[in-house]
Amino acid sequence: MLKPAAAVSRLRTESAFSVLARATELEAGGRSIINLGIGQPDFQTPAHIVEAGIKALRDGHHGYTPANGIAPLRQAVAADLHKRLGVEVDPGRVVIVPGGKVTMFFAVLMFGEPGAEILYPDPGFPIYRSLIDYSGAKAVPVPLTEAQAFGLTAEAVLSRITPATRLIILNSPANPTGGVTPKREIDRLVAGLEAHPRVAVLSDEIYGQMLYDGRAHTSLLHYPSIAGRVILLDGWSKTYAMTGWRLGYGVWPAELVEGATRLAVNSHSCVNAAAQHAGIAALIGPQDAVREMVAAFEARRHVVVEELNAVPGFRCLTPGGAFYAFPNIAETGLSARELETALLERAGVATIAGTSFGDHGEGFLRISYANSVDNIREAAARIRACLTAN
Ligand SMILES: Cc1ncc(COP(=O)(O)O)c(C=O)c1O
């Protein structure tokens with residue numbers, strides 16, 4: 001009998017991947033499945049970005065690169081942050097990693113250990129909790145509520161800080177709810193954090209360009225009073241439809257850059273060179289494709305909310321960002337997991353139970369609307385038929 005370290009048994013998973021596997025299995029057996037489970041844009045990576053990746057390979061970029069990423073890419077990230085958010089970032093603080101998730105992994109490894117406490121949003125991206133448990137730190141959920149449109153409140157975070165708190169994870173716009181934390185709450189939170197100078201913040205802003213109704217993104221990088229302890233997580237996966245390229249970045253406080261770079265050297269060495277060249281093209285090239293994608297998501301958002309509110313037992317808020325709707329399904333009388341299973345097995349619609357994102361997700365379902373309007377309408381019709389037949 002092998003004896004893997006106990007920490008490994010504390011790792012959880014992302015059920016979007018298991019639902020995807022089951023959906024694929026059902027499809028292989030001839031069933032028609034509409035996948036509203038997986039969180040990835042249903043668009044192709046824009047052609048000029050693909051071309052830059054191909055060109056990099058043709059030009060002979062086949063070897064290792066610096067562990068923190070090639071300099072022109074880190075410079076392009078800094079320039080993009082300046083252009084979009086108006087913040088000055090030294091490219092030396094940018095660490096390029098294979099996907100948004102890796103910055104999360106590094107940040108939690110850097111602050112998580114037995115005796116430490118880490119705050120995270122619940123419902124939230126499931127990997128936060130998984131990594132905190134893995135690290136041995138105590139995972140402290142900050143509940144997000146439908147009554148607050150799934151935005152974080154400063155009070156909910158600040159009231160949970162103890163002398164053991166090392167790191168707070170924030171995510172806006174949010175997975176799985178599409179909730180956006182209002183600027184006034186971020187202002188209050190930052191003001192409150194001034195009393196806790198040893199607490200670091202991981203701000204997951206991977207959906208920062210997917211905001212609707214003319215909302216502007218509030219980045220944690222905007223706040224000078226906490227600038228020395230904010231880790232920004234962002235990447236190319238969602239904004240440029242590049243989930244499979246595995247490309248992301250962190251902006252680290254100067255004193256943590258070396259630690260993040262060593263974690264990179266110790267794990268993946270560096271990100272593949274062609275993806276990094278594609279990443280430059282994405283940031284410095286035309287942004288029309290981003291605008292078109294966001295406009296498409298915005299249009300679908302209205303359709304999905306209208307369709308879901310017409311399902312008996314469902315009640316759905318209009319999400320402010322990302323590409324997820326998070327309907328309240330309590331009145332169906334089914335648990336989130338029962339409904340996820342019934343919809344996949346009987347209606348051929350893949351969704352994700354709210355409980356996959358934390359205990360506070362009970363009574364909700366995550367619906368990704370990164371799918372065509374026709375499919376969204378057809379899925380809603382199937383859901384209605386399934387629930388009416390119950
Ligand atoms: C909130 C959030 N952060 C990070 C990630 C990870 O992104 P990547 O695929 O680039 O690792 C995701 C992906 O779903 C996400 O939803």
Side-chain angles (χ1 to χ4, degrees), residues 12-20 35-43 45 49 69 73 77 95-108 120-132 142 144 150-152 167-181 201-211 217 219-220 231-251 263-264 267-268 271-272 275-276 278-279 282-283 297 319-326 350-352 354 356-358 361 366-371:
R12 294 157 183 247
T13 187
E14 210 184 318
S15 51
F17 286 98
S18 19
V19 169
L20 179 65
N35 197 335
L36 305 183
I38 195 83
Q40 71 177 333
D42 57 322
F43 295 96
T45 304
I49 302 176
L73 180 56
V77 167
V95 179
I96 306 295
V97 279
K101 250 181 198 169
V102 182
T103 299
M104 195 183 296
F105 195 51
F106 288 2
V108 174
Y120 70 101
D122 179 350
F125 188 54
I127 302 304
Y128 303 143
R129 168 75 195 269
S130 170
L131 291 176
I132 299 168
V142 179
L144 295 175
F150 301 110
L152 211 63
L167 179 70
I168 299 172
I169 302 178
L170 305 176
N171 174 220
S172 176
N175 179 5
T177 61
V180 177
T181 298
V201 178
L202 170 66
S203 186
D204 182 342
E205 300 181 17
I206 201 143
Y207 297 103
Q209 296 196 60
M210 292 181 176
L211 278 156
H217 178 55
S219 172
L220 267 284
I231 302 158
L232 172 80
L233 180 161
D234 206 338
W236 286 257
S237 295
K238 317 286 174 175
T239 315
Y240 297 100
M242 291 176 73
T243 52
W245 293 73
R246 309 313 300 140
L247 190 64
Y249 66 87
V251 177
L263 283 166
S267 55
H268 56 266
V271 176
N272 91 67
Q276 294 190 63
L283 295 178
F297 288 137
F323 40 67
Y324 307 107
F326 205 59
T351 61
I352 313 281
S356 298
F357 305 94
R366 188 188 80 172
I367 307 274
S368 161
Y369 52 90
N371 211 317

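All heavy atoms count here, side chains included; hydrogens, waters and symmetry mates do not. Each residue takes its place number in the sequence, starting with 1. Order of listing sets the numbers, starting from 1, for every ligand and every atom in it.
Checking Tyr324, Phe357, Tyr207 against atom 15 (C) of ligand 1, the nearest heavy atom belongs to Tyr207.
Between Tyr207 and Phe323, the ring centre distance stays below 6.0 Å. Aromatic pair Phe43/Phe297: centroids less than 6.0 angstrom apart.
Of all the heavy atoms of Lys238, the ones lying under 4.0 Å from any atom of ligand 1 belong exclusively to the side chain. Contacts with ligand 1 closer than 4.0 Å are made by no heavy atom of Ile127, backbone or side chain. Contacts of Tyr128 with ligand 1, taken as heavy-atom pairs under 4.0 Å, involve the side chain alone.
With respect to Lys101 and Glu14, a salt bridge is recorded, a charged nitrogen being found less than 4.0 Å from a carboxylate O.
The closest approach between Gln40 and ligand 1 stays at or above 4.0 Å for every heavy atom of the residue. Residue Asp204 places a heavy atom under 4.0 Å from ligand 1. At a 4.0 Å cut-off, not a single heavy atom of Trp236 sits close enough to ligand 1 to count as contact. Within the 4.0 Å heavy-atom shell around ligand 1 one does not find Trp245.
Side-chain atoms of Ser18 come within 3.5 Å of backbone N or O of Ser15 as a donor-acceptor pair.
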